[in-house]
Amino acid sequence: MLGLSKDTVRVRFAPSPTGYLHIGGARTALYDWLLAKKTGGRFILRIEDTDRNRFVPDAVQDIKDSLTWMGLTWDEGPDAGGEYGPYYQSERLALYQKYAEELVKAGKAYYCFCTSERLEEMRKKQEEASAPSGYDRHCRDLPADLIQKNRVAGLKYVIRFKVPRTGKTKVYDELRGEMVFDHETLDDFVILKSDGFPTYHLASVIDDHLMEISHVIRGDEWIISMPRHFLLYQALGWEPPAFVHLPIFLSPDGKGKLSKRHGATGVREFKEKGYLPEALVNFLLLLGWHPATDEEVFTLEEAATAFSVERISTSPVSFSLDKLDWYNGLYIRQLSHEELAKRCLPYLQQDGLLPDPCPSAQFTYLVSLMPLVQERIKYLTEISEAVGYFLRDEIEPPSKELLLGKKGTVEETRVILSEVAKVLASLTEFTEEGLEQTLRALAEKLQMKPGQIFMPVRVAVTGQTATPGLFQLLAALGKQKVIGRLKQASAVLAAQ
RNA sequence: GGUCCCAUCGUCUAGGGGUUAGGACACCGCCCUUUCACGGCGGCGGCAGGGGUUCGAAUCCCCUUGGGACUACCA
């Protein structure tokens, strides 16, 4: 371990507000949070808004909402405050400029007046010659008076880091160990842009140091930038934190990086699709990390206890949703009826099946329906279909085909429906037990197999062939709806 | 092209010199059963290839192959 020997672990999640919180970022935040919780450290949210061109106004809100939804609350950062602020990089510009200038003064960085046109042309030539890409150090050794002249003339400039021409830089990743990069493969990268904003390299190094970050957990697309960061730490005379690079998410088909083309990639989309945060968190947890045991169901708290950086894997992960779906069903089944109803309510309201706000009597009824559907839905979004025929006064009359099923005849089915309606009408109480007894007795009387009469009834009252248990369902539906729908179905068969 | 990372069932992975290579999801079959689910039981299925090292490699080393990342005044 090369990490700082600080007594407190301080980890930061540092998203760039250029879009909604990506599922990959969510996993990074999860691991950050877990490490902090596990060690009694601090979890810090820092907004890296140094790219004004790609800034998305709603992004910060979405990031905060998504983290909160997943239960990943931060100890320092926007809304939480903290001793190390500000936590928006756009509010720390003076800091970056100060250090950049210091590096220039120390001869470790320099002003570069190259225009983007020149840079573009340079790149084109490199490509044509299939030469290694990178800045050609055109401004690296500009005479002092020319620099002065250019600045007085108001020429736009950036500040570039002066990478030593020779030698190598050793970097260290907690998971991969030591990696060595030859300076010859590095170019003089920009640390301060011409608009006065820092690049990621400069800003993250300065902030991680100033905020006393002990562990940097980030995606492994940053591995290749590690030598730049180590060089920066060295130039600034600082000790680097411990680095943990997480494997990236590949598309489910195994080809290429996960992108929007492959379905949901934003945390909010998963929420909208009816996933529970518990399921998403559990799923993400095991995508790149493994406990030493066969356990695979973890609450956030349990995960915090079990978590360890050493057990994070390094190979790329295919983002396949099958297991997420399984987790979701699992967590849905674990919820109390009340809680499940609460979580389903917004989806029901959205589909117009329940009013908003929902009167308590209706909510109570909804709760009573939960045991019938709980183990039958995999996503919260399925609730409307599962429970719609209970909440609606009327349903669409089922088609004749559906009513008859595979081998029913019109005659027979009409008899079943009318007989059932007759018996049930005489029932004073609609209880599960009474219903079952009555219908089974009827089947016997009609000399039919129970199953033979159950299916037409099921279809008649729900319009569906896949439903909860018939007797539970009839009891929950109530006598009035049941009789009405049986008659409606009979009418369908009577027609023509 | 250059630099770097990675490589066990379809997927997530355990296993890190001697294992019948383990688990979960998915898939298939059976059971439970009024349908659908849930649940139970069982099955299918893997060490990318080639060289070493070793008495013995999934495990250590090298090469090949494959996949991926980066190659911006984006992060």
Side-chain angles (χ1 to χ4, degrees), chain A residues 14-18 48-51 53-54 112 114 116 119-120 123 126-127 129-135 156-160 171 173 176 179-182 184-187 189-201 203-204 218-227 245 247-248 250 252-257 283 286-297 311 313-327 329 333 373-378 386 405 436 439-440 443 449-455 457-459 462 464-471 473:
Chain A
S16 178
T18 53
E48 309 220 324
D49 53 348
T50 56
D51 184 347
N53 298 321
R54 295 201 306 153
C112 167
C114 290
S116 44
L119 260 18
E120 223 164 279
R123 250 173 245 128
Q126 287 169 342
E127 199 172 327
S130 55
S133 57
Y135 180 60
K156 287 219 168 229
Y157 66 89
V158 301
I159 293 181
R160 286 181 184 274
V171 304
D173 175 271
R176 281 157 269 250
M179 290 175 273
V180 183
F181 292 79
D182 200 314
E184 285 173 27
T185 66
L186 265 31
D187 72 343
F189 56 98
V190 174
I191 56 175
L192 199 74
K193 304 183 239 181
S194 60
D195 61 3
F197 277 63
T199 59
Y200 170 85
H201 306 302
S204 67
R218 49 160 43 161
D220 73 3
E221 69 267 22
W222 289 112
I223 288 180
I224 205 105
S225 296
M226 288 184 81
H245 290 93
I248 60 153
L250 264 23
D253 52 46
K255 304 277 172 246
K257 204 176 181 176
F283 174 65
L286 276 301
L287 229 45
W289 177 82
H290 194 277
T293 65
D294 275 347
E295 242 180 311
E296 54 193 348
V297 178
R311 296 197 64 83
S313 76
T314 50
S315 40
V317 180
S318 171
F319 192 75
S320 164
L321 260 22
D322 284 339
K323 204 150 189 179
L324 207 212
D325 291 346
W326 175 73
Y327 272 123
R333 274 171 255 135
V373 299
Q374 186 158 32
E375 58 192 29
R376 278 169 250 262
I377 61 172
K378 225 168 190 170
E436 175 154 15
L439 289 184
R440 285 192 189 277
K449 283 186 192 155
Q452 209 176 336
I453 74 168
F454 293 165
M455 189 49 91
V457 174
R458 179 193 325 278
V459 172
T462 67
Q464 301 177 8
T465 54
T467 72
L470 221 215
F471 315 113
L473 181 166

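Computation of the quantities below employed the complete heavy-atom set of this structure, encompassing side-chain atoms and omitting hydrogens, waters and symmetry-equivalent molecules. The sequence lines fix the lettering, A, B, ..., with proteins before strands; numbering per chain opens at 1.
Only the P atoms considered, U11(B) is 16 Å distant from A26(B), to the nearest whole Å. Between C55(B) and G1(B), the distance separating the two C1' atoms is 46 Å to the nearest Å. A distance of about 12 Å separates the C1' atoms of A58(B) and G18(B), rounded to the whole Å. Distance noted for atom P between A48(B) and G10(B): 11 Å (whole Å).
At least one donor-acceptor pair closer than 3.5 Å links the side chain of Thr199(A) to the backbone N or O of Val190(A). Not one N or O on the side chain of Lys323(A) forms a donor-acceptor pair closer than 3.5 Å with the backbone of Leu287(A). Within the 3.5 Å criterion, the main-chain N or O of Gly134(A) finds a donor-acceptor partner in the side chain of Gln126(A). Judged by distance alone, the side chain of Asp51(A) and the main-chain N or O of Thr18(A) form no donor-acceptor pair under 3.5 Å.
Within 4.0 Å (heavy atoms only), Val317(A) reaches sugar-phosphate atoms of the nucleic acid but no base atom. Using a 4.0 Å heavy-atom criterion, one finds that Thr185(A) contacts the sugar-phosphate atoms exclusively. Among the heavy atoms of the strands lying under 4.0 Å from Pro468(A) is at least one base atom, whether or not backbone atoms are also near. Here Ile223(A) lies in heavy-atom contact (under 4.0 Å) with sugar-phosphate atoms only. Among the protein residues, Pro227(A) comes within range of no part of the nucleic acid, since none of its heavy atoms lies under 4.0 Å from any strand. Residue contacts for Arg311(A): at a heavy-atom cut-off of 4.0 Å it reaches the sugar-phosphate backbone alone, with no base atom in range. Among the atoms of the strands shown, only primed sugar atoms or phosphate atoms (P, OP1, OP2) are found under 4.0 Å from some heavy atom of Thr314(A). Note on Met226(A): nothing from the nucleic acid sits closer than 4.0 angstrom, heavy atoms only. If you check every strand for non-hydrogen atoms under 4.0 Å, Cys112(A) touches nothing. Counting non-hydrogen atoms under 4.0 angstrom, Gly469(A) reaches a base of the nucleic acid. Residue contacts for Val190(A): at a heavy-atom cut-off of 4.0 Å it reaches the sugar-phosphate backbone alone, with no base atom in range.
When the salt bridge (charged side-chain N to carboxylate O under 4.0 Å, His left out) test is applied to Asp220(A), no partner is found at least two apart in sequence or on another chain. Applying the salt bridge (charged side-chain N to carboxylate O under 4.0 Å, His left out) rule to Arg440(A) yields the partners Glu436(A); only residues at least two apart in sequence or on another chain are considered.
Closest to the side chain of Asp51(A), from the set C25(B), A75(B), U11(B), is A75(B). The side chain of Lys378(A) sits closest to A26(B) out of U35(B), A26(B), C73(B). Taking the side chain of Tyr200(A) as heavy atoms from C-beta on, and the options A75(B), C73(B), C70(B), the nearest nucleotide is A75(B). The side chain of Asp220(A) lies closest to C5(B) when the candidates are C5(B), A75(B), U3(B). In this structure, of C4(B), U34(B), G1(B), it is U34(B) that holds the atom nearest to the side chain of Phe454(A).
With both pairing distances under 3.5 Å, C4(B) is matched to G68(B) as a Watson-Crick or G-U wobble pair. The partner of U11(B), taking Watson-Crick or G-U wobble pairs whose two distances both stay under 3.5 Å, is A24(B). C41(B): Watson-Crick or G-U partner is G29(B), with both key distances under 3.5 Å. In this structure, C55(B) and G18(B) make a Watson-Crick or G-U wobble pair, each of the two defining distances being under 3.5 angstrom. The base-pairing partner of U34(B), taking Watson-Crick or G-U wobble contacts with both distances under 3.5 Å, does not exist among the strands shown.
At U34(B), one or more side-chain N or O atoms of Arg440(A) fall inside 4.0 Å of OP1 or OP2 (strictly under the cut-off). In this structure, Thr50(A) reaches the A75(B) phosphate: one of its side-chain N or O atoms is under 4.0 Å from OP1 or OP2. Considering only side-chain N and O atoms, Lys257(A) lies under 4.0 angstrom from the phosphate OP1 or OP2 of C70(B). OP1 or OP2 of A75(B) has at least one side-chain nitrogen or oxygen of Lys193(A) nearer than 4.0 Å. For the OP1/OP2 pair of C38(B) and a distance below 4.0 Å, the side-chain nitrogens and oxygens of Arg376(A) include no atom meeting the criterion. At the phosphate of U13(B), OP1 or OP2 sits under 4.0 Å from a side-chain N or O atom of Ser313(A).
Between the base of C74(B) and the side chain of Arg54(A) there is a donor-acceptor pair shorter than 3.5 Å. With hydrogens and angles left out, the side chain of Arg333(A) and the base of C38(B) share no donor-acceptor pair within 3.5 Å. In the interface, the side chain of Ser315(A) is not paired with the base of C6(B) through any donor and acceptor atom under 3.5 Å apart.
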Interface polar pairs with nucleotides 22-24 of chain B, N/O, under 3.5 angstrom:
| from | atom 1 | to | atom 2 | distance (Å) |
| --- | --- | --- | --- | --- |
| A24(B) | O4' | Glu296(A) | OE1 | 3.3 |
| A24(B) | O4' | Glu296(A) | OE2 | 3.1 |
| A24(B) | O2' | Glu296(A) | OE1 | 3.1 |
| A24(B) | O2' | Glu296(A) | OE2 | 3.1 |
| A24(B) | O2' | Lys323(A) | NZ | 3.3 |
| A24(B) | N3 | Lys323(A) | NZ | 3.2 |

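Here C74(B) presents its P atom at 13 Å from CD1 of Ile191(A), a figure rounded to the nearest Å. Between Arg458(A) atom CZ and A37(B) atom P the separation is 12 Å, expressed in whole Å. One interatomic measurement links the two molecules: NE2 of His245(A) to P of C5(B), which rounds to 12 Å at whole-angstrom precision. In this structure, CG of Leu250(A) is placed 16 Å from P of G66(B), rounded to the nearest angstrom. Straight-line distance from the CG atom of Leu324(A) to the P atom of A26(B): 12 Å, rounded to whole Å. Rounded to whole Å, the distance from CD on Gln464(A) to C1' on A37(B) is 13 Å. Between the CD atom of Glu184(A) and the P atom of G1(B) there is a distance of 20 Å, rounded to whole Å. Going from atom CD of Gln452(A) over to atom C1' of U35(B) covers 15 Å, rounded to whole Å.
Looking at which nucleotide of RNA chain B each of Arg176(A) and Phe471(A) is closest to, the 5′-most match is held by Arg176(A). Between Leu192(A) and Glu375(A), it is Glu375(A) whose nearest contact on RNA chain B lies nearer the 5' terminus.
Contact check for Ser225(A) versus Phe189(A): no side-chain heavy atoms found under the 4.5 Å cut-off.
Ring geometry, Tyr200(A) versus Trp222(A): the interplanar angle falls under 30°, so the pair is classed parallel (tilted spans 30 to 60°).
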